[in-house]
Each structure stands twice: as C-alpha cells, then as structure tokens.
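One-based numbering along the sequence shown. Each ligand, and each atom within it, is numbered from 1 in the order the structure gives.
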Amino acid sequence: MPRQAIHSYLNRHGFETLQPKAVLFDMDGVLFDSMPAHARSWASVCTRFGLHISAEEAYMNEGRTAASTINLLTERQWGRKATSQEIEQIYAEKCKAFNTCPEAPKMPGAEELLTKVKASGLQILVVTGSGQLSLLERLESHYPEFFSADRIVSSKDVHHGKPHPEPYLKGLEKAGVRPWEAFVVENAPLGVRAGVAAGIFTIAVNTGPLPDKALADEGADLIYPSMRSLAENWETLLAACRS
Ligand code: MG
C-alpha cells in the first residue's frame with residue numbers, strides 16, 4: 001500500500017524521489033487528543049452567541065483559523081461577516097471554555113511514533129493553526145525531547161491558515177527541506193488539503209469521528225486509523241520510500 005501511494009504521489013507532482021528528512025506534525029487530534037474538547041467548546045460558546053455549529057461541522061472545519069470558522073457561521077446565519085470585535089469576543093470565550101476542559105491527554109501512539117521518527121534521523125516540527133499559548137506550552141512540557149519553540153509554526157507565523165498551504169510551506173522553510181523531503185501527518189480534512197497543496201506527501205491519521213472518505217477526498221496519500229497504527233507501520237513506510 002505505501003509503495004503504490006508513493007508511486008502515485010511522485011507521478012502527480014512530477015518528483016523523482018520521496019526522501020523524507022523532516023516530519024511536519026499537526027497538533028490537535030495528532031499529538032494531543034484535544035479535538036473532543038475543541039468541538040464541545042465551539043458548540044457551547046456559539047450557542048451562547050446565537051450561532052449553531054454541529055460536532056461534525058467542528059471536525060470538518062478543524063484547522064481553520066478561529067476568524068474563518070466564526071465568519072462561516074455568521075455568514076450562514078446572519079448573512080454577514082462577523083465584526084472584528086465579535087470575532088475577538090467569541091474566540092476569547094471559546095478559549096476560556098476550552099481551558100476549563102480537563103487537560104487533553106497525549107494521543108495514544110504519538111510518543112512511540114516521535115521516538116521512531118527521531119531514531120530515523122528525521123527532523124520533527126509542529127505546524128498548527130492554534131495560537132493558544134496553553135497548548136504550545138504543553139507541547140514543550142509534554143514532549144520535551146522532541147519540540148522546541150523554533151520547531152513550531154503556529155497561527156502567529158502565517159498570514160493564511162489551513163487549508164491554505166502557507167503553514168506547511170513555512171514548515172518546509174523552517175526545516176530547510178523541499179516538498180519531496182518531508183511528510184505531513186494530519187487528522188483533519190482541511191489540514192490534509194493544506195499539506196497536499198504544499199506538495200508534501202500527506203499522511204492522514206483518522207483519530208476522530210469522520211469517515212475516511214472525508215480525508216481521502218482531500219487527497220490524503222495514505223490513511224491510518226490511529227497514531228499507533230502509523231507508528232507500527234513506520235519502518236515499512238520508510239523502506240517503501242527507499243525502494
Ligand atoms: Mg488537527
């Protein structure tokens with residue numbers, strides 16, 4: 001399966017080889033099991049402001065900046081974009097709600113995968129739409145051997161959030177590698193779209209409630225059911241790149 005996926009990736013982009021030197025990890029739903037709390041926080045805060053977002057919608061729109069998510073809802077329900085004051089207010093409330101949720105646990109299998117990636121000599125970076133300090137700090141405190149501030153691309157580093165390719169292009173730049181020298185690991189459809197648009201081999205891990213089709217439709221090169229499963233298949237994947 002990886003071999004076939006690599007073959008079609010190379011054909012599609014006109015690249016000759018896939019030689020991973022860096023792995024660009026998304027954070028929510030990949031390194032932390034934080035998506036249920038995000039979805040719940042969005043739903044409860046939006047209701048308070050007279051807006052509606054279903055859990056499925058929260059997952060489908062994961063990766064968007066807060067402003068873009070809020071505008072999506074106000075355009076649909078109020079027929080206009082939100083004012084910057086409304087965005088600020090709703091987002092502040094959403095962050096407050098999220099921060100009262102129990103701490104999101106590390107995603108099962110993530111540490112195992114990071115250990116293998118590091119042992120393989122590849123660089124490890126995080127590319128996240130989040131700008132929440134609490135989560136970025138948690139990254140350094142929960143995965144201290146793997147991340148440092150200069151290995152993180154957050155919403156503060158980009159003009160356009162996912163699904164725009166800019167965050168992943170920034171990640172490539174930080175790592176000093178080209179698209180065929182990296183993997184993206186993503187759980188969200190829009191994150192997959194961003195990775196694919198950046199020309200990077202994009203691995204989806206379906207850690208949420210959406211069907212695999214939602215990830216396949218955005219062009220995911222490979223789909224695994226969990227981070228643990230990707231960790232178990234890491235050697236096979238690297239071997240497929242070398243053959
Ligand atoms: Mg995610």
For the Mg ion (ligand 1): the N/O/S atom of [X] at shortest distance:
X   : answer
E62 : OE2
D26 : OD2
D28 : O

The Mg ion (ligand 1) contact by T128, N, O or S atom under 2.8 Å
no
Can you list everything that forms a salt bridge (Lys or Arg N to Asp or Glu O under 4.0 Å) with E181? Sequence neighbours excluded, please.
K21, R178
N/O donor-acceptor pairs under 3.5 Å from side chains in residues 169-176, not counting sequence neighbours:
unit_1 : atom_1 : unit_2 : atom_2 : d
K170   : NZ     : D157   : O      : 3.2
K174   : NZ     : I152   : O      : 2.9

Could you walk me through whether T207 and D33 pass side-chain contact (heavy atoms from CB on, under 4.5 Å), step by step?
CA-CA 8 Å; T207 61; D33 193 4; 5.9 Å; no
Of the options F98, F25, Y143, which is the one that meets F32 in a ring-ring contact (aromatic ring centres under 6.0 Å, His included)?
Y143
